[in-house]
**Student:** 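Got a structure for you, written out below as structure tokens; questions coming shortly.
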Amino acid sequence: MTGVVTKSTGSWYNVLSEGKIYECRIRGKIRLEEIKETNPVAVGDHVKIEVEEGSHAITEILPRKNHILRQSVKKTGHSNILAANIDQAILIATVQQPRTSLGFIDRFLVSAESFRIPQVLIFNKIDLLDNDDLVQVHELRRSYESVGVQVMLLSALKNEGTEKFKEILFGKISLVAGHSGVGKSTLLNQISPAIKQTVSEISAFSEKGTHTTTFAEMFPVGEKTFVIDTPGIKEWGLVDMTPQEISDYFPEMRDLRLQCKFGSKCLHLSEPGCVIQSAVERGEIAMSRYESYVAMAEGKDNRK
Ligand SMILES: Nc1nc2c(ncn2[C@@H]2O[C@H](COP(=O)(O)OP(=O)(O)OP(=O)(O)O)[C@@H](O)[C@H]2O)c(=O)[nH]1
Ligand SMILES: [Mg+2]
Ligand SMILES: [Zn+2]
């Protein structure tokens, strides 16, 4: 039988097959293969399963259409798959409690763009923002929309903007990711009575989340509509990308970089007269985006 992995704990998995959930382990042979990922089977994977009395096993992972991958922080050289076969990647960010850095946002977007997965950027907790914060968040909205990212502002807690959020999920499989405490589970609880994820307050001391959700899990929200709640992510490391690839995954640099007089080898870092750097100087490419690119290209913050 074949099915879709709906929950992954690392040692056992829920697989949805013909309307039933099977709790499965991985057949040893898959584990032994040359796999660089810390988790060979991810939520969203299509798998073959063998169902026998008392024990169900995943025997094969079917080819993936895409996956969202980040560098593992614990094990160098290893990467972690957040989810596979998704239609859109949704990042929940917050300006306050906790603060999501622009570098983190850009690395997430680059990772999704590397598989041409459409991205949605959501600023949650807008109820906490003062006027200065609101000005900043509207500025960010404009900036990200101009590079083709869909942006929404909402308050999961006050249930404001959540109906519109539900609309963008329709008919798709969506990954929901972000730092711990940004309100991923709170938001998903608001859109379906069937989702009853545990949520908990962020630490008053550090203003960071307490890693409440511990396993990625996919939930049905309607006809052919699924959302995947994921554990909070501290750092987003890029996996094996050259500066040329990275600049390809910045939509505002993608076409422009081909016009660079230094050709496809240009790193757009300190080459005089580089077309990308000129566009930054003219304000056509946002400085913060360029700074994110430089950090990624130089490999500095790649593990943040
Ligand atoms: N003020 C405010 N608080 C919110 C909002 N959304 C969520 N919160 C609060 O933020 C805290 C963390 O929410 P969670 O939903 O547990 O966050 P999470 O992103 O799922 O966190 P992890 O599971 O640890 O990754 C809770 O106390 C929520 O009530 C919001 O829109 N406004
Ligand atoms: Mg959660
Ligand atoms: Zn250049």
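One-based numbering, in listed order, for ligands and for the atoms of each. Sequential numbering from 1 along the given sequence is applied to the chain's residues.
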**Student:** Quick one: does A156 get an N or O within less than 3.5 Å of an N or O on ligand 1?
**Tutor:** yes
**Student:** Does any N/O atom on G181 come nearer than 3.5 Å to any N/O atom on ligand 1?
**Tutor:**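 Yes, G181 has an N/O under 3.5 Å of an N/O on ligand 1.
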**Student:** Hey, which of V15, V4, I26, L62 is the one that makes side chain to side chain contact (heavy atoms under 4.5 Å, CB included) with V47?
**Tutor:** V15
**Student:** Tell me whether S278 contacts the main-chain N or O of I276 through its side chain, where contact means a donor paired with an acceptor under 3.5 Å.
**Tutor:** no
**Student:** Within ligand 1, which atoms have a heavy atom of H211 less than 4.0 Å away?
**Tutor:** 24 (O)
**Student:** Compute the shortest N/O to N/O distance between D127 and ligand 1 and return yes if it is under 3.5 Å, no if not.
**Tutor:**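 Right, the criterion is met.
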**Student:** Show, in sequence, the C-alpha distance, side-chain angles and deciding distance for E284 and R282, and conclude whether the salt bridge (charged side-chain N to carboxylate O under 4.0 Å, His left out) test is met.
**Tutor:** CA-CA 6 Å; E284 289 161 15; R282 286 196 306 272; 2.9 Å; yes
**Student:** Rounding to 10°, state the angle centred on the Mg ion (ligand 2) that links OG1 in T213 with OG in S185.
**Tutor:**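 T213 OG1 and S185 OG form an angle of 90° at the Mg ion (ligand 2).
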**Student:** Polar contacts were defined as any N/O atom of the residue lying under 3.5 Å from an N/O atom of the ligand; does this apply to N124 and ligand 1?
**Tutor:** yes
**Student:** Hey, does the side chain of N66 reach the backbone of N85 with a donor-acceptor pair shorter than 3.5 angstrom?
**Tutor:**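 Checking the backbone N and O of N85 against the side chain of N66, a donor-acceptor pair under 3.5 Å is found.
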**Student:** Just to confirm my output: which protein heavy-atom neighbour is closest to atom 25 (O) of ligand 1, and how far is it?
**Tutor:** K184 NZ, 2.8 Å
**Student:** Give the contacting part of L128 toward ligand 1: side chain, backbone, both or neither, where contact means a heavy-atom distance below 4.0 Å.
**Tutor:** side chain
**Student:** Starting at CD of Q96, measure out to CZ of F123 and round the result to the nearest 0.5 Å.
**Tutor:** 12.5 Å
**Student:** Does ligand 1 have an atom that lies less than 4.0 angstrom from a heavy atom of G209?
**Tutor:** no
**Student:** Just need the protein heavy atom nearest to atom 11 (C) of ligand 1, so name the residue and atom and give the distance.
**Tutor:** S200 O, 3.4 Å
**Student:** With only distance considered, is G183 within less than 3.5 Å of ligand 1 through an N or O on each side?
**Tutor:** yes
**Student:** Identify, by atom number and element, the atoms of ligand 1 in contact range of V199, meaning under 4.0 Å from any of its heavy atoms.
**Tutor:** 14 (P), 15 (O), 16 (O)
**Student:** Does a donor on one side chain sit under 3.5 Å from an acceptor on the other, for T210 and S200?
**Tutor:**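 Checked: T210/S200 side chains pair up, N/O donor to acceptor below 3.5 Å.
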**Student:** May I have the angle between C274 SG and H268 ND1 with its vertex at the Zn ion (ligand 3), rounded to 10°?
**Tutor:** 100°
**Student:** In ligand 1, which numbered atoms sit nearer than 4.0 Å to a non-hydrogen atom of T186?
**Tutor:**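 Those of ligand 1 that fall under 4.0 Å from T186 are 6 (N), 7 (C), 13 (O), 14 (P), 15 (O), 28 (C).
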**Student:** May I ask which of S185, P231, A177, G178 has a heavy atom nearer to atom 20 (O) of ligand 1 than the others do?
**Tutor:**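 Nearest option to atom 20 (O) of ligand 1, by heavy atoms: S185.
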**Student:** Heavy-atom contacts under 4.0 Å between T213 and ligand 1: side chain, backbone, both, or neither?
**Tutor:**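 It is both parts that get close, each with some atom under 4.0 Å.
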**Student:** Let's go through R142 and E139 carefully: what are the C-alpha distance in whole Å and the side-chain angles of both, what is the deciding distance for salt bridge (charged side-chain N to carboxylate O under 4.0 Å, His left out) to 0.1 Å, and is it a yes or a no?
**Tutor:** CA-CA 5 Å; R142 204 188 39 76; E139 181 81 359; 3.4 Å; yes
**Student:** Side chains of N189 and Q197: is there a donor and an acceptor less than 3.5 Å apart?
**Tutor:**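 Looking only at side-chain atoms, Q197 and N189 do not form any donor-acceptor pair under 3.5 Å.
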**Student:** Flag the pair E271 and K265 as a salt bridge only when some basic side-chain nitrogen lies within less than 4.0 angstrom of an acidic carboxylate oxygen.
**Tutor:**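 Looking at E271 and K265, the cut-off is not met.
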**Student:** If the plane angle is over 60° it's perpendicular, under 30° parallel, otherwise tilted; pick one for F104 and W236.
**Tutor:**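 The rings of F104 and W236 stand perpendicular, inter-plane angle above 60°.
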**Student:** G232 versus ligand 1: do any nitrogen or oxygen atoms come within less than 3.5 Å of each other?
**Tutor:**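 Yes - when backbone and side-chain N and O of G232 are compared with those of ligand 1, one distance drops under 3.5 Å.
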**Student:** Using a strict cut-off of less than 4.0 Å between a Lys/Arg side-chain nitrogen and an Asp/Glu carboxylate oxygen, indicate whether K224 and D87 qualify as a salt bridge.
**Tutor:**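 No, K224 and D87 are not salt-bridged.
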**Student:** Could you tell me the residue and atom name of the protein heavy atom closest to atom 10 (O) of ligand 1, and the distance to it rounded to 0.1 Å?
**Tutor:**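 The answer is K125 NZ, 3.1 Å.
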**Student:** Between T212 and ligand 1, is there a nitrogen or oxygen pair with a distance under 3.5 Å?
**Tutor:**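 Yes; at least one N/O pair falls below 3.5 Å.
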**Student:** How long is the straight-line distance from CG of N124 back to OG1 of T162, given to the nearest 0.5 Å?
**Tutor:**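 Between atom OG1 of T162 and atom CG of N124 there are 10.0 Å.
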**Student:** Kindly confirm or rule out an N or O of L157 lying under 3.5 angstrom from an N or O of ligand 1.
**Tutor:**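 Checking ligand 1 against L157, an N or O pair does fall under 3.5 Å apart.
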**Student:** In the protein, which heavy atom is nearest to atom 27 (O) of ligand 1, and how far is it?
**Tutor:**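 Heavy-atom neighbour on the protein nearest atom 27 (O) of ligand 1: E201 CA, 3.3 Å.
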**Student:** Does R27 reach the main-chain N or O of I58 with its side chain, forming a donor-acceptor pair under 3.5 Å?
**Tutor:**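 Such a contact is absent between R27 side chain and I58 backbone.
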**Student:** Identify the protein heavy atom lying closest to atom 24 (O) of ligand 1, giving its residue, its atom name and the separation to 0.1 Å.
**Tutor:**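 For this ligand atom, the closest protein heavy atom is S180 OG, 2.6 Å.
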